Structures are given as structure tokens and as C-alpha cells.
Amino acid sequence: MEITNWLPEHSAALRDLRARGMSYSEIADTINKRFHTAYTRYAALSRGQRMGLGGLERPEPSLSHRRDRPESTVPVRPRIEVAHEIRREPKADAFHWPKSFSGEVQTPQLRCVEITPRHLSLVELERGDCRYPYGGDRDDEPITFCGHPRRQGSSYCTPHFHLSRDPEASAAPVLSTAWLRVVGVT
């Protein structure tokens with residue numbers, strides 16, 4: 001990044017040109033021509049903001065004689081305005097603490113299949129074994145896997161495949177709204 005020190009004459013010209021209602025691109029071009037400098041639009045904008053002249057919005061000219069711009073021969077296309085909300089204050093809700101929940105929550109009834117898992121560890125699993133996980137609910141509980149022969153084209157055996165894909169059972173919500181409040185979703 002190149003550090004530039006604005007001379008007082010340059011700052012005065014910036015203030016004067018901004019008061020006339022010129023854009024920061026036009027201001028940079030005018031100052032560069034007048035003083036043989038190489039300021040960019042962004043340099044003029046940053047200096048103007050540090051001087052308290054405002055941002056990109058154009059001020060009303062304080063002088064009665066505004067520089068006349070030549071009429072454009074290019075036809076003007078109609079602008080389509082897009083409605084959107086401009087949020088000026090910083091986002092206060094970007095980082096928030098989890099909400100505490102003190103109500104009683106009933107454990108949801110989970111779906112299960114009538115199959116006795118082999119409880120294989122990850123190392124014991126072979127290529128064609130079902131990878132449906134069991135355990136791991138508590139910190140000291142190991143995670144094991146079903147281990148029965150897999151269904152063709154799936155990572156699960158047939159009962160676990162249907163358990164995970166059953167459209168009727170999956171249409172009903174497993175978690176209540178109380179559980180969703182605990183996790184902070186609602």
C-alpha cells in the first residue's frame with residue numbers, strides 16, 4: 001500500500017470540488033490535471049471521508065453556479081429500482097449466546113428395526129458390512145456399527161436402508177418444538 005500525504009492545496013481543491021457536487025472520480029481527475037498528481041478515485045474518496053466531506057452520495061452544491069455538463073446523445077435506458085433494506089448499524093446478532101432452556105423435555109421416541117447388530121468397530125468392518133452406527137451417545141460409550149451384509153447400492157443393510165428411507169416415517173417430525181428450542185433453532 002502506498003502512503004500519500006495530501007498537500008493542503010490538494011485538500012482545499014478536494015473540498016471545493018466536492019462542494020460543487022462533483023463525483024470522486026471527477027475530483028481525482030481534476031486534481032491530477034491541475035497539480036500533476038496521480039490520485040485515484042479511492043484515494044480522493046478516502047481523503048474526503050477523513051475530512052468529513054461524506055461518502056459516495058452527492059451533496060447539493062453550495063455555489064449558485066454549478067458546472068454545466070454537456071447533454072448526452074446516448075439514449076437513457078430506464079432504471080429498474082430494486083427494493084432492499086440498508087442496515088446501517090453493526091450486526092448485533094452475528095454472535096449470540098445460546099438461549100437457556102429450563103422446561104421439561106420428553107425424549108422423542110426413535111424409530112428402530114428388529115435386527116440384532118453385530119457391534120463391530122470401525123477397524124473390524126469389512127467391505128460389504130452395514131455401516132449403520134450405534135452408540136456414542138455418552139462420552140465414554142464407543143461407536144459401533146451394525147455389520148450385517150449391505151444392500152446392493154447402499155451403505156446399510158436392508159432393514160437400516162428402509163429405516164433411513166421410509167417416506168411415511170420420515171414425513172412425521174421426530175423432534176418436538178421443545179427439542180428445537182433446546183438446540184436454539186426456534
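Keep in mind it's a predicted model, so treat the numbers as computed, not measured. Throughout, numbering of the chain's residues begins at 1 and tracks the sequence.
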Could you measure the distance from the [atom1] atom of [X] to the [atom2] atom of [Y]? Nearest 0.5 Å is fine.
X	Y	atom1	atom2	result
His160	Cys130	NE2	SG	5.5 Å
Tyr156	Leu163	OH	CG	9.0 Å
Leu53	Tyr24	CG	OH	5.0 Å
Arg41	Ile27	CZ	CD1	10.5 Å

Does atom CG (Asp140) have a neighbourhood of more than 12 heavy atoms from anything else shown, all under 6.0 Å? yes
Run the side chain to side chain donor-acceptor pair (under 3.5 Å) test against [X] and tell me which residues pass, sequence neighbours left out.
X	answer
Thr37	Asn32
His10	Tyr39
Ser11	Arg47
Tyr42	none

side-chain contact (heavy atoms from CB on, under 4.5 Å) filter on Arg151, not counting sequence neighbours, yields Ser154, Thr158, Phe161, His162
Non-neighbouring partners of Glu141 that pass side-chain contact (heavy atoms from CB on, under 4.5 Å), sequence neighbours left out: Asp137, Arg138
Residues joined to Phe145 in its hydrophobic cluster, side chain to side chain under 4.5 Å directly or through other members, sorted by chain and number, are Leu120, Leu122, Leu125, Ile143
Please list, chain by chain and in numerical order, all residues satisfying salt bridge (Lys or Arg N to Asp or Glu O under 4.0 Å) with Arg127, sequence neighbours excluded. none
Same cluster (ILVMFWY, side-chain, under 4.5 Å), Met51 and Phe35: yes
Looking at Lys33 and Asp29, is any side-chain nitrogen of the basic one under 4.0 Å from a carboxylate oxygen of the acidic one? no
Heavy-atom distance under 4.5 Å between the side chains of Asp129 and Pro149, does that happen here? no
Below 4.5 Å, heavy atoms only, C-beta onward: do Cys157 and Arg150 meet side chain to side chain? no
Apply the side chain to side chain contact (heavy atoms under 4.5 Å, CB included) test between Met22 and each candidate in Asp16, Leu14, Leu17; give the one that qualifies. Leu17
